[in-house]
**Student:** 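Once you've had a glance at the structure underneath, I'll fire off some questions.
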Amino acid sequence: MLIPRPRRRIGRPRPTTREIDSTLAEQTETANARVADHAALAIAKYPTTLSLQPPVLDVRGRLLLDLARLEGVLVGARHHRLDPRLTELLEAAVAQGHRLSKTLAVIAHGTAEPTPTQPQHADDDLTGLHG
C-alpha cells in the first residue's frame, strides 16, 4: 500500500509572500504530521533490503514526473526571460532533482541480488594445464 502524498494546491497563484508562507507552512505541517506514521510503518514494513525496493522505485518514478514538470517551469522562465535569480534557483533545483534521481537508482540497484554470471564449463577450468 502506498502512503498518500500530501494534498497539492494546483492552479492558483499566491500573489503575496504571506500566502506563500501559509502554503509552505501547511505543506510542512502535513508532512511532519505523517512522520510518526511513516516511521512506525517503515519499521514493520521494511525488514529486509529487498523490501526497500518498491518504495524507492515508486519515489524515483514520481520524482522523475515532478522533475519533468519542474523542467517545463524552467523552460518557461527562460523563454520569457523572467528574473535571472529565479531561473538560477530553478536550474539548481532541477540539477538537485537529477542527483536525487541518480542516488535513488543506485539505492534500487543495491536492493537487488547481483545478476548471476554465466556458469563456467568444466573445460574452461582446464585450459593451459595440458600444454
**Student:** If only atom types and distance count, is the side chain of T28 paired as donor or acceptor with the main-chain N or O of L24 below 3.5 Å?
**Tutor:**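 Between the backbone of L24 and the side chain of T28 there is a qualifying donor-acceptor contact (under 3.5 Å).
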
**Student:** Could you tell me which non-hydrogen atom of V59 sits nearest to which non-hydrogen atom of L104, and how far apart they are?
**Tutor:**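 Looking at all heavy atoms of both residues, the shortest contact is CG1-CD1, 4.0 Å.
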
**Student:** Could you give the distance from CG (L65) to CZ (R60), rounded to the nearest 0.5 Å?
**Tutor:**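 That separation rounds to 10.5 Å.
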
**Student:** Identify whether the distance between the nearest side-chain nitrogen and carboxylate oxygen of D66 and R62 falls below 4.0 Å.
**Tutor:**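 Salt bridge absent between D66 and R62.
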
**Student:** For T111, give me all partners under side chain to side chain donor-acceptor pair (under 3.5 Å), at least two apart in sequence or on another chain.
**Tutor:**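 Only Q53 meet the side chain to side chain donor-acceptor pair (under 3.5 Å) criterion with T111.
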
**Student:** Flag yes if more than 12 heavy atoms outside H109 fall under 6.0 Å of its NE2 atom; otherwise flag no.
**Tutor:**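 Atom NE2 in H109 is not packed in, count stays at 12 or less.
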
**Student:** Suppose we screen for side chain to side chain donor-acceptor pair (under 3.5 Å). Which residues come up paired with D83, at least two apart in sequence or across chains?
**Tutor:**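 Per chain and number, D83 pairs via side chain to side chain donor-acceptor pair (under 3.5 Å) with R85.
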
**Student:** Please check: side-chain N/O of S22 versus main-chain N/O of R18, any donor-acceptor pairing under 3.5 Å?
**Tutor:**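 Between the backbone of R18 and the side chain of S22 there is no qualifying donor-acceptor contact (under 3.5 Å).
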
**Student:** Considering non-hydrogen atoms only, spot the tightest contact between L90 and A77 and give its length.
**Tutor:**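 Scanning both residues, the minimum pair turns out to be CD1-CB, 3.9 Å.
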
**Student:** Quick check against the 3.5 Å criterion: does R14 have a side-chain atom that pairs as donor or acceptor with the backbone of I20?
**Tutor:**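 Looks like no, no N/O pair under 3.5 Å.
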
**Student:** Under 3.5 Å, is there a donor-acceptor pair linking the side chains of T30 and Q27?
**Tutor:**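 There is no such pair (donor and acceptor under 3.5 Å, judged by atom type) between the side chains of T30 and Q27.
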
**Student:** Apply side-chain contact (heavy atoms from CB on, under 4.5 Å) to the pair E29 and R34, showing each step before the final yes or no.
**Tutor:** CA-CA 9 Å; E29 184 179 315; R34 295 183 180 184; over 6 Å; no

**Student:** Is there a path of hydrophobic side-chain contacts, each under 4.5 Å between heavy atoms of I, L, V, M, F, W or Y residues, that connects L70 with L63?
**Tutor:**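 In one cluster: no.
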
**Student:** List the atom of S51, the atom of P55, and the distance in Å for their closest heavy-atom pair.
**Tutor:**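 Reported closest heavy-atom pair: O-CD, 3.6 Å.
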
**Student:** Atom CD of E91 and atom CG of L74: how far apart are they, to the nearest 0.5 Å?
**Tutor:**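 Output value for this atom pair is 5.5 Å.
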
**Student:** On a heavy-atom basis, which atom in L64 and which in S101 lie closest, and how many Å separate them?
**Tutor:**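 Scanning both residues, the minimum pair turns out to be CD2-OG, 3.3 Å.
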
**Student:** Could you report the tightest heavy-atom contact between V56 and A108, atom names first, then the distance?
**Tutor:**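 So the two residues come closest at CG1-N, 4.1 Å.
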
**Student:** Applying side chain to side chain donor-acceptor pair (under 3.5 Å) to T16 and E19, what does each step give before you reach the verdict?
**Tutor:** CA-CA 5 Å; T16 67; E19 289 178 279; 3.2 Å; yes

**Student:** Show the nearest heavy-atom pair for residues P54 and L50, with the distance to one decimal.
**Tutor:**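 Smallest heavy-atom distance, with atoms named: CD-O, 3.6 Å.
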
